2 protein chains.
Amino acid sequence: MPYLKKPIPQPEPIDCRILSAALDLFVRDGYHNVSIHHIQKQANVSVGSIYNHFGGKEGVARALYIHILKEIEELVDDAITAETSPLMQCQRIIRDLFSYTESHRNIIAFVFHARHVEFLPNEPHACDSAPFIKMRGIVAKGIACGELRALDHWVAAATLFGGAIRMIQLRLEGKIEQPLPHYLDEIMTAALSGVKADSDGRAGC
Amino acid sequence: MPYLKKPIPQPEPIDCRILSAALDLFVRDGYHNVSIHHIQKQANVSVGSIYNHFGGKEGVARALYIHILKEIEELVDDAITAETSPLMQCQRIIRDLFSYTESHRNIIAFVFHARHVEFLPNEPHACDSAPFIKMRGIVAKGIACGELRALDHWVAAATLFGGAIRMIQLRLEGKIEQPLPHYLDEIMTAALSGVKADSDGRAGC
DNA sequence: GTCTATATCCAGATAGAC
DNA sequence: GTCTATCTGGATATAGAC
(Lines give C-alpha, C1' and ligand atoms only; values in the text may rest on other atoms or scores of the structure.)
Protein backbone atom coordinates (compact mmCIF):
# COMPACT_ATOMS: atom_id res chain seq x y z
CA MET A 1 0.00 0.00 0.00
CA PRO A 2 1.48 3.24 -1.10
CA TYR A 3 1.17 5.02 2.21
CA LEU A 4 4.54 6.58 1.91
CA LYS A 5 4.16 7.90 -1.58
CA LYS A 6 1.26 9.98 -0.47
CA PRO A 7 2.46 13.40 0.53
CA ILE A 8 1.82 14.14 4.17
CA PRO A 9 -1.51 15.95 4.11
CA GLN A 10 -0.25 19.47 4.55
CA PRO A 11 -3.47 21.18 5.59
CA GLU A 12 -2.94 24.22 3.41
CA PRO A 13 -0.18 25.68 1.29
CA ILE A 14 1.88 28.18 3.19
CA ASP A 15 0.73 31.30 1.39
CA CYS A 16 -2.91 30.43 1.94
CA ARG A 17 -2.25 29.97 5.64
CA ILE A 18 -0.59 33.36 5.75
CA LEU A 19 -3.45 35.02 3.92
CA SER A 20 -6.22 33.48 5.96
CA ALA A 21 -4.42 34.18 9.23
CA ALA A 22 -3.90 37.77 8.16
CA LEU A 23 -7.52 38.13 7.12
CA ASP A 24 -8.75 36.95 10.51
CA LEU A 25 -6.43 39.27 12.37
CA PHE A 26 -6.98 42.30 10.14
CA VAL A 27 -10.74 41.99 10.46
CA ARG A 28 -10.67 41.39 14.20
CA ASP A 29 -8.08 43.97 15.28
CA GLY A 30 -7.64 46.29 12.33
CA TYR A 31 -4.65 46.40 10.02
CA HIS A 32 -2.58 48.77 12.11
CA ASN A 33 -3.06 46.80 15.30
CA VAL A 34 -1.67 43.66 13.70
CA SER A 35 2.06 43.11 13.40
CA ILE A 36 4.03 40.78 11.20
CA HIS A 37 4.79 38.79 14.32
CA HIS A 38 1.11 38.30 15.08
CA ILE A 39 0.53 36.95 11.61
CA GLN A 40 3.60 34.81 11.88
CA LYS A 41 2.39 33.15 15.08
CA GLN A 42 -1.20 32.72 13.93
CA ALA A 43 -0.14 31.14 10.64
CA ASN A 44 2.63 29.01 12.14
CA VAL A 45 5.21 30.30 9.76
CA SER A 46 8.30 32.42 10.13
CA VAL A 47 8.76 36.09 9.52
CA GLY A 48 11.14 35.26 6.72
CA SER A 49 8.53 33.27 4.85
CA ILE A 50 6.12 36.13 4.95
CA TYR A 51 8.73 38.42 3.45
CA ASN A 52 9.60 35.81 0.87
CA HIS A 53 6.02 35.41 -0.28
CA PHE A 54 4.59 38.87 0.06
CA GLY A 55 7.43 41.25 0.79
CA GLY A 56 6.00 42.40 4.09
CA LYS A 57 2.78 43.22 5.88
CA GLU A 58 1.56 45.63 3.26
CA GLY A 59 2.18 43.03 0.60
CA VAL A 60 0.03 40.56 2.49
CA ALA A 61 -2.76 43.10 2.74
CA ARG A 62 -2.49 43.93 -0.95
CA ALA A 63 -2.64 40.29 -2.02
CA LEU A 64 -5.62 39.81 0.24
CA TYR A 65 -7.38 42.87 -1.11
CA ILE A 66 -6.92 41.86 -4.72
CA HIS A 67 -7.93 38.28 -4.05
CA ILE A 68 -11.07 39.27 -2.22
CA LEU A 69 -12.14 41.84 -4.77
CA LYS A 70 -11.83 39.13 -7.37
CA GLU A 71 -14.13 36.93 -5.35
CA ILE A 72 -16.71 39.68 -5.10
CA GLU A 73 -16.36 40.27 -8.80
CA GLU A 74 -17.20 36.63 -9.45
CA LEU A 75 -20.28 37.01 -7.30
CA VAL A 76 -21.34 39.96 -9.40
CA ASP A 77 -20.54 38.19 -12.66
CA ASP A 78 -22.57 35.18 -11.60
CA ALA A 79 -25.52 37.43 -10.93
CA ILE A 80 -25.16 39.10 -14.30
CA THR A 81 -25.14 35.81 -16.20
CA ALA A 82 -27.84 34.20 -14.09
CA GLU A 83 -30.39 36.99 -14.51
CA THR A 84 -31.42 38.90 -17.57
CA SER A 85 -32.92 42.18 -16.41
CA PRO A 86 -30.85 44.75 -14.50
CA LEU A 87 -33.39 44.80 -11.73
CA MET A 88 -33.20 41.08 -11.19
CA GLN A 89 -29.41 41.27 -11.33
CA CYS A 90 -29.38 43.83 -8.54
CA GLN A 91 -31.70 41.70 -6.47
CA ARG A 92 -29.51 38.70 -7.02
CA ILE A 93 -26.40 40.60 -5.99
CA ILE A 94 -27.95 41.77 -2.76
CA ARG A 95 -29.24 38.31 -2.01
CA ASP A 96 -25.82 36.76 -2.60
CA LEU A 97 -24.03 39.44 -0.59
CA PHE A 98 -26.36 38.75 2.31
CA SER A 99 -25.75 35.03 2.31
CA TYR A 100 -22.03 35.58 1.72
CA THR A 101 -21.96 37.79 4.80
CA GLU A 102 -23.17 34.85 6.84
CA SER A 103 -20.99 32.19 5.25
CA HIS A 104 -17.80 34.19 4.58
CA ARG A 105 -18.03 36.87 7.20
CA ASN A 106 -14.41 38.02 7.12
CA ILE A 107 -14.28 38.39 3.38
CA ILE A 108 -17.24 40.73 3.41
CA ALA A 109 -15.92 42.52 6.47
CA PHE A 110 -12.61 43.18 4.79
CA VAL A 111 -14.32 44.78 1.82
CA PHE A 112 -17.09 46.72 3.51
CA HIS A 113 -15.53 47.50 6.82
CA ALA A 114 -11.86 48.27 6.39
CA ARG A 115 -10.40 51.58 5.30
CA HIS A 116 -8.00 50.33 2.67
CA VAL A 117 -6.82 53.77 1.69
CA GLU A 118 -5.19 54.03 5.09
CA PHE A 119 -2.85 51.14 4.48
CA LEU A 120 -2.88 50.59 0.71
CA PRO A 121 -2.47 54.13 -0.56
CA ASN A 122 -1.56 53.02 -4.06
CA GLU A 123 -4.45 50.68 -4.63
CA PRO A 124 -7.59 52.06 -6.21
CA HIS A 125 -10.41 52.63 -3.81
CA ALA A 126 -12.84 49.75 -3.45
CA CYS A 127 -15.60 51.66 -5.17
CA ASP A 128 -13.33 52.10 -8.21
CA SER A 129 -12.69 48.39 -8.44
CA ALA A 130 -14.20 46.06 -10.99
CA PRO A 131 -17.12 44.64 -9.03
CA PHE A 132 -18.42 48.01 -7.94
CA ILE A 133 -17.98 49.49 -11.39
CA LYS A 134 -19.98 46.59 -12.76
CA MET A 135 -22.70 47.17 -10.20
CA ARG A 136 -23.01 50.76 -11.30
CA GLY A 137 -23.01 49.55 -14.87
CA ILE A 138 -26.04 47.42 -14.12
CA VAL A 139 -27.78 50.42 -12.63
CA ALA A 140 -26.95 52.53 -15.67
CA LYS A 141 -28.32 49.87 -17.97
CA GLY A 142 -31.50 49.66 -15.90
CA ILE A 143 -31.99 53.37 -16.27
CA ALA A 144 -31.20 53.32 -19.96
CA CYS A 145 -33.79 50.65 -20.68
CA GLY A 146 -36.45 52.32 -18.59
CA GLU A 147 -36.65 49.68 -15.89
CA LEU A 148 -35.37 52.16 -13.35
CA ARG A 149 -36.38 55.75 -12.96
CA ALA A 150 -34.20 58.36 -14.62
CA LEU A 151 -32.28 59.33 -11.51
CA ASP A 152 -28.72 60.46 -11.27
CA HIS A 153 -26.68 57.28 -11.49
CA TRP A 154 -25.01 57.79 -8.15
CA VAL A 155 -28.31 58.42 -6.48
CA ALA A 156 -29.84 55.34 -8.03
CA ALA A 157 -26.93 53.14 -6.99
CA ALA A 158 -26.83 54.60 -3.48
CA THR A 159 -30.55 54.05 -3.06
CA LEU A 160 -30.53 50.55 -4.44
CA PHE A 161 -27.52 49.27 -2.55
CA GLY A 162 -27.21 51.75 0.32
CA GLY A 163 -29.76 50.11 2.56
CA ALA A 164 -28.35 46.67 1.95
CA ILE A 165 -24.79 47.79 2.58
CA ARG A 166 -25.91 49.48 5.77
CA MET A 167 -27.55 46.25 6.91
CA ILE A 168 -24.37 44.34 6.16
CA GLN A 169 -22.34 46.77 8.21
CA LEU A 170 -24.75 46.61 11.12
CA ARG A 171 -24.72 42.84 10.98
CA LEU A 172 -20.92 42.79 10.98
CA GLU A 173 -20.92 45.06 14.00
CA GLY A 174 -23.18 42.65 15.82
CA LYS A 175 -26.11 45.05 16.05
CA ILE A 176 -28.50 42.88 14.09
CA GLU A 177 -29.52 39.61 15.67
CA GLN A 178 -30.98 37.65 12.80
CA PRO A 179 -28.98 36.39 9.84
CA LEU A 180 -29.28 38.84 7.01
CA PRO A 181 -31.36 36.70 4.63
CA HIS A 182 -34.14 37.05 7.19
CA TYR A 183 -34.47 40.71 6.23
CA LEU A 184 -33.95 40.21 2.54
CA ASP A 185 -37.50 40.69 1.30
CA GLU A 186 -38.18 43.81 3.33
CA ILE A 187 -34.93 45.46 2.31
CA MET A 188 -35.41 44.53 -1.28
CA THR A 189 -38.92 45.85 -1.72
CA ALA A 190 -38.08 49.02 0.18
CA ALA A 191 -34.99 49.69 -1.91
CA LEU A 192 -36.64 48.81 -5.19
CA SER A 193 -39.70 50.96 -4.65
CA GLY A 194 -37.38 53.95 -4.51
CA VAL A 195 -35.87 53.38 -7.91
CA LYS A 196 -38.28 51.30 -9.93
CA ALA A 197 -39.94 53.06 -12.80
CA ASP A 198 -43.72 53.36 -12.67
CA SER A 199 -44.74 50.01 -14.08
CA ASP A 200 -46.50 51.02 -17.26
CA GLY A 201 -45.66 47.86 -19.08
CA ARG A 202 -42.60 48.71 -21.16
CA ALA A 203 -39.59 46.65 -20.18
CA GLY A 204 -37.11 47.38 -22.91
CA CYS A 205 -34.32 45.27 -21.51
CA MET B 1 -7.46 104.22 24.52
CA PRO B 2 -7.26 100.86 26.16
CA TYR B 3 -5.24 99.17 23.50
CA LEU B 4 -3.04 97.51 26.04
CA LYS B 5 -5.80 96.18 28.20
CA LYS B 6 -7.07 94.16 25.33
CA PRO B 7 -5.58 90.69 25.48
CA ILE B 8 -3.41 89.91 22.55
CA PRO B 9 -5.79 88.22 20.16
CA GLN B 10 -4.66 84.65 20.74
CA PRO B 11 -6.22 83.05 17.70
CA GLU B 12 -7.52 80.03 19.57
CA PRO B 13 -7.05 78.44 22.97
CA ILE B 14 -4.43 75.78 22.95
CA ASP B 15 -6.66 72.78 23.38
CA CYS B 16 -8.82 73.85 20.47
CA ARG B 17 -5.79 74.22 18.29
CA ILE B 18 -4.71 70.73 19.25
CA LEU B 19 -8.12 69.27 18.54
CA SER B 20 -8.59 70.93 15.21
CA ALA B 21 -5.07 70.07 14.07
CA ALA B 22 -5.65 66.47 15.10
CA LEU B 23 -8.99 66.37 13.32
CA ASP B 24 -7.44 67.54 10.08
CA LEU B 25 -4.63 65.04 10.27
CA PHE B 26 -6.75 62.10 11.40
CA VAL B 27 -9.18 62.64 8.56
CA ARG B 28 -6.51 63.16 5.95
CA ASP B 29 -4.07 60.40 6.89
CA GLY B 30 -5.96 58.13 9.27
CA TYR B 31 -5.41 57.87 13.00
CA HIS B 32 -2.62 55.32 12.84
CA ASN B 33 -0.64 57.24 10.28
CA VAL B 34 -0.55 60.33 12.49
CA SER B 35 1.96 60.66 15.29
CA ILE B 36 1.99 62.91 18.31
CA HIS B 37 4.79 64.81 16.62
CA HIS B 38 2.69 65.51 13.55
CA ILE B 39 -0.07 66.94 15.71
CA GLN B 40 2.48 68.90 17.70
CA LYS B 41 3.90 70.55 14.62
CA GLN B 42 0.55 71.22 12.94
CA ALA B 43 -0.87 72.81 16.09
CA ASN B 44 2.26 74.75 16.96
CA VAL B 45 2.43 73.35 20.46
CA SER B 46 4.78 71.03 22.26
CA VAL B 47 4.46 67.34 22.93
CA GLY B 48 4.31 68.10 26.62
CA SER B 49 1.25 70.27 26.22
CA ILE B 50 -0.59 67.55 24.39
CA TYR B 51 0.13 65.16 27.21
CA ASN B 52 -0.88 67.75 29.77
CA HIS B 53 -4.22 68.40 28.13
CA PHE B 54 -5.23 65.02 26.79
CA GLY B 55 -2.82 62.44 28.16
CA GLY B 56 -1.64 61.32 24.75
CA LYS B 57 -2.77 60.66 21.22
CA GLU B 58 -5.61 58.39 22.18
CA GLY B 59 -6.87 61.02 24.61
CA VAL B 60 -6.94 63.57 21.83
CA ALA B 61 -8.92 61.21 19.64
CA ARG B 62 -11.34 60.44 22.46
CA ALA B 63 -11.97 64.09 23.23
CA LEU B 64 -12.51 64.74 19.55
CA TYR B 65 -14.87 61.82 19.19
CA ILE B 66 -17.02 62.89 22.12
CA HIS B 67 -17.06 66.50 21.04
CA ILE B 68 -18.09 65.67 17.51
CA LEU B 69 -20.79 63.23 18.53
CA LYS B 70 -22.22 65.99 20.67
CA GLU B 71 -22.30 68.28 17.67
CA ILE B 72 -24.15 65.69 15.61
CA GLU B 73 -26.52 65.18 18.49
CA GLU B 74 -27.33 68.87 18.46
CA LEU B 75 -28.05 68.65 14.76
CA VAL B 76 -30.47 65.82 15.44
CA ASP B 77 -32.07 67.61 18.38
CA ASP B 78 -32.59 70.72 16.29
CA ALA B 79 -34.36 68.66 13.67
CA ILE B 80 -36.57 67.06 16.30
CA THR B 81 -37.66 70.37 17.76
CA ALA B 82 -38.00 72.11 14.43
CA GLU B 83 -40.29 69.53 12.86
CA THR B 84 -43.28 67.74 14.27
CA SER B 85 -43.77 64.55 12.30
CA PRO B 86 -41.13 61.81 12.32
CA LEU B 87 -41.01 61.85 8.57
CA MET B 88 -40.25 65.54 8.41
CA GLN B 89 -37.66 65.10 11.14
CA CYS B 90 -35.86 62.46 9.09
CA GLN B 91 -35.93 64.68 6.05
CA ARG B 92 -34.55 67.55 8.05
CA ILE B 93 -31.74 65.42 9.45
CA ILE B 94 -30.67 64.27 6.01
CA ARG B 95 -30.84 67.80 4.68
CA ASP B 96 -28.72 69.12 7.53
CA LEU B 97 -26.22 66.29 7.27
CA PHE B 98 -25.82 67.06 3.59
CA SER B 99 -25.13 70.73 4.12
CA TYR B 100 -22.92 69.94 7.12
CA THR B 101 -20.87 67.67 4.90
CA GLU B 102 -20.12 70.62 2.68
CA SER B 103 -19.49 73.18 5.42
CA HIS B 104 -17.83 71.01 8.07
CA ARG B 105 -16.34 68.28 5.97
CA ASN B 106 -13.90 66.90 8.51
CA ILE B 107 -16.44 66.60 11.26
CA ILE B 108 -18.67 64.46 9.11
CA ALA B 109 -15.71 62.53 7.80
CA PHE B 110 -14.54 61.70 11.29
CA VAL B 111 -17.95 60.29 12.18
CA PHE B 112 -18.87 58.50 8.99
CA HIS B 113 -15.51 57.53 7.66
CA ALA B 114 -13.21 56.54 10.51
CA ARG B 115 -13.16 53.18 12.23
CA HIS B 116 -13.18 54.34 15.83
CA VAL B 117 -13.23 50.84 17.27
CA GLU B 118 -9.74 50.40 15.95
CA PHE B 119 -8.29 53.14 18.10
CA LEU B 120 -10.89 53.79 20.81
CA PRO B 121 -11.70 50.25 21.88
CA ASN B 122 -13.43 51.37 25.06
CA GLU B 123 -15.74 53.92 23.53
CA PRO B 124 -19.18 52.79 22.45
CA HIS B 125 -19.56 52.34 18.73
CA ALA B 126 -20.89 55.38 16.88
CA CYS B 127 -24.17 53.66 16.10
CA ASP B 128 -24.69 53.17 19.84
CA SER B 129 -24.17 56.84 20.57
CA ALA B 130 -26.87 59.33 21.41
CA PRO B 131 -27.50 60.89 17.99
CA PHE B 132 -27.89 57.57 16.23
CA ILE B 133 -30.08 56.17 18.96
CA LYS B 134 -32.28 59.21 18.61
CA MET B 135 -32.47 58.74 14.87
CA ARG B 136 -33.67 55.21 15.33
CA GLY B 137 -36.10 56.51 17.91
CA ILE B 138 -37.61 58.81 15.33
CA VAL B 139 -38.00 55.90 12.97
CA ALA B 140 -39.66 53.82 15.67
CA LYS B 141 -42.09 56.62 16.42
CA GLY B 142 -42.88 56.98 12.74
CA ILE B 143 -43.73 53.31 12.54
CA ALA B 144 -45.75 53.42 15.75
CA CYS B 145 -47.93 56.26 14.52
CA GLY B 146 -48.47 54.73 11.13
CA GLU B 147 -46.55 57.29 9.15
CA LEU B 148 -44.01 54.67 8.14
CA ARG B 149 -44.70 51.14 7.08
CA ALA B 150 -44.48 48.45 9.71
CA LEU B 151 -41.02 47.28 8.79
CA ASP B 152 -38.37 45.91 11.06
CA HIS B 153 -36.86 48.95 12.73
CA TRP B 154 -33.36 48.25 11.49
CA VAL B 155 -34.60 47.80 7.97
CA ALA B 156 -36.57 51.01 8.10
CA ALA B 157 -33.61 52.99 9.45
CA ALA B 158 -31.20 51.43 6.97
CA THR B 159 -33.52 52.21 4.08
CA LEU B 160 -34.25 55.75 5.18
CA PHE B 161 -30.69 56.76 5.95
CA GLY B 162 -28.64 54.19 4.06
CA GLY B 163 -28.79 55.94 0.73
CA ALA B 164 -27.98 59.31 2.24
CA ILE B 165 -25.07 57.94 4.24
CA ARG B 166 -23.76 56.24 1.13
CA MET B 167 -23.93 59.54 -0.75
CA ILE B 168 -22.06 61.26 2.06
CA GLN B 169 -19.33 58.65 1.94
CA LEU B 170 -19.02 58.89 -1.82
CA ARG B 171 -18.85 62.64 -1.60
CA LEU B 172 -16.13 62.45 1.05
CA GLU B 173 -14.18 60.12 -1.18
CA GLY B 174 -14.39 62.63 -3.97
CA LYS B 175 -16.45 60.41 -6.26
CA ILE B 176 -19.38 62.79 -6.47
CA GLU B 177 -18.82 66.08 -8.22
CA GLN B 178 -21.72 68.21 -7.14
CA PRO B 179 -22.27 69.40 -3.57
CA LEU B 180 -24.64 67.03 -1.82
CA PRO B 181 -27.64 69.37 -1.53
CA HIS B 182 -27.84 69.13 -5.30
CA TYR B 183 -28.99 65.51 -4.95
CA LEU B 184 -31.17 66.08 -1.92
CA ASP B 185 -34.58 65.87 -3.53
CA GLU B 186 -33.86 62.75 -5.54
CA ILE B 187 -32.34 60.92 -2.59
CA MET B 188 -35.15 61.97 -0.33
CA THR B 189 -38.05 60.89 -2.51
CA ALA B 190 -36.32 57.64 -3.38
CA ALA B 191 -35.62 56.82 0.26
CA LEU B 192 -39.02 57.87 1.49
CA SER B 193 -40.97 55.92 -1.08
CA GLY B 194 -39.42 52.78 0.34
CA VAL B 195 -40.70 53.33 3.87
CA LYS B 196 -43.68 55.64 3.68
CA ALA B 197 -47.00 54.08 4.54
CA ASP B 198 -49.60 54.02 1.79
CA SER B 199 -51.09 57.48 2.14
CA ASP B 200 -54.65 56.65 3.13
CA GLY B 201 -55.15 59.78 5.14
CA ARG B 202 -54.48 58.78 8.73
CA ALA B 203 -51.49 60.60 10.18
CA GLY B 204 -51.70 59.82 13.86
CA CYS B 205 -48.59 61.74 14.82
C1' DG C 1 1.46 75.18 31.95
C1' DT C 2 4.72 74.93 28.38
C1' DC C 3 8.79 73.54 26.46
C1' DT C 4 13.14 70.50 24.89
C1' DA C 5 15.77 66.55 25.35
C1' DT C 6 15.88 61.96 26.37
C1' DA C 7 14.55 57.11 27.44
C1' DT C 8 12.04 53.04 26.26
C1' DC C 9 9.78 50.10 23.50
C1' DC C 10 8.21 47.67 19.54
C1' DA C 11 7.22 47.02 14.71
C1' DG C 12 9.30 46.43 10.24
C1' DA C 13 12.95 44.78 7.86
C1' DT C 14 17.32 42.13 7.03
C1' DA C 15 21.25 38.73 7.34
C1' DG C 16 22.86 34.54 7.16
C1' DA C 17 22.52 29.55 8.79
C1' DC C 18 20.19 25.44 7.45
C1' DG D 1 12.32 28.24 0.81
C1' DT D 2 12.26 28.40 5.64
C1' DC D 3 13.98 29.63 9.80
C1' DT D 4 16.17 32.48 14.04
C1' DA D 5 18.59 36.29 15.57
C1' DT D 6 19.60 40.89 15.05
C1' DC D 7 19.52 45.73 13.46
C1' DT D 8 17.22 50.07 12.83
C1' DG D 9 13.86 53.65 12.82
C1' DG D 10 10.28 55.85 14.69
C1' DA D 11 6.58 56.44 17.94
C1' DT D 12 4.99 56.94 22.70
C1' DA D 13 5.91 58.58 26.86
C1' DT D 14 8.68 60.93 30.55
C1' DA D 15 11.99 64.05 33.02
C1' DG D 16 13.24 68.15 34.29
C1' DA D 17 14.32 73.15 33.02
C1' DC D 18 11.88 77.46 32.49
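By convention in this document, chain letters (A, B, ...) are assigned in the order of the sequence lines, proteins followed by strands, and residues within each chain are numbered from 1. In this text the structure is predicted, and so the values were computed from the model without any measurement.
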For this session: Sequence neighbours left out, what passes side chain to side chain contact (heavy atoms under 4.5 Å, CB included) with A/His153? Give chain and number order.
Result: A/Ala140, A/Ile143

Exercise. Can you name the residues that form a side-chain hydrogen bond (donor to acceptor under 3.5 Å, both in side chains) with A/Glu73, not counting sequence neighbours?
Worked result: A/Lys134

Seminar exercise, completed: A/Arg17 atom CZ is separated from D/dG1 atom C1', nearest whole Å, by 13 Å

Exercise. Please give, in whole Å, the distance from D/dT4 C1' to A/His37 NE2?
Worked result: 11 Å

Exercise. Nearest-Å distance, NE2 (B/His32) to P (D/dT12)?
Worked result: 11 Å

For this session: Write out all pairs satisfying salt bridge (charged side-chain N to carboxylate O under 4.0 Å, His left out) with one or both partners inside residues 20-49 of chain A, taking only residues at least two apart or from two chains.
Result: none

Seminar exercise, completed: Its dot-bracket string being built from Watson-Crick and G-U pairs below 3.5 Å, with | for another strand and [ ] for crossing, DNA chain C has the pattern |||||||||||.||||||

Exercise. Listed by chain and number, what are the side chain to side chain contact (heavy atoms under 4.5 Å, CB included) partners of A/Glu186, not counting sequence neighbours?
Worked result: B/Leu151, B/Asp152, B/Val155

Seminar exercise, completed: Atom CD1 of A/Ile36 and atom P of C/dG12 are separated, to the nearest Å, by 6 Å

Exercise. Tell me, do B/Arg149 and A/Thr189 make a side-chain contact under 4.5 Å, heavy atoms counted?
Worked result: yes

Problem set entry | Length of the CD1-C1' vector between A/Ile18 and D/dT2, whole Å | 10 Å

Exercise. Are A/Arg166 and A/Gln169 close enough that a side-chain donor and a side-chain acceptor fall under 3.5 Å?
Worked result: yes

For this session: Using whole Å, report how far CD1 of A/Ile14 lies from C1' of D/dC3.
Result: 10 Å

For this session: Residues of residues 39-58 of chain A with any non-hydrogen atom less than 4.0 angstrom from an atom of DNA chain D: list those, numerically ordered, please.
Result: A/Val45, A/Ser46, A/Val47, A/Gly48, A/Ser49, A/Asn52, A/His53

For this session: Measure from the ring center of A/His116 to the ring center of A/Tyr31 and say whether it is less than 6.0 Å.
Result: no

Exercise. Only one of A/Asn52, A/Ile36, A/Ile39 forms a side chain to side chain contact (heavy atoms under 4.5 Å, CB included) with A/Val47, so which one is it?
Worked result: A/Ile36

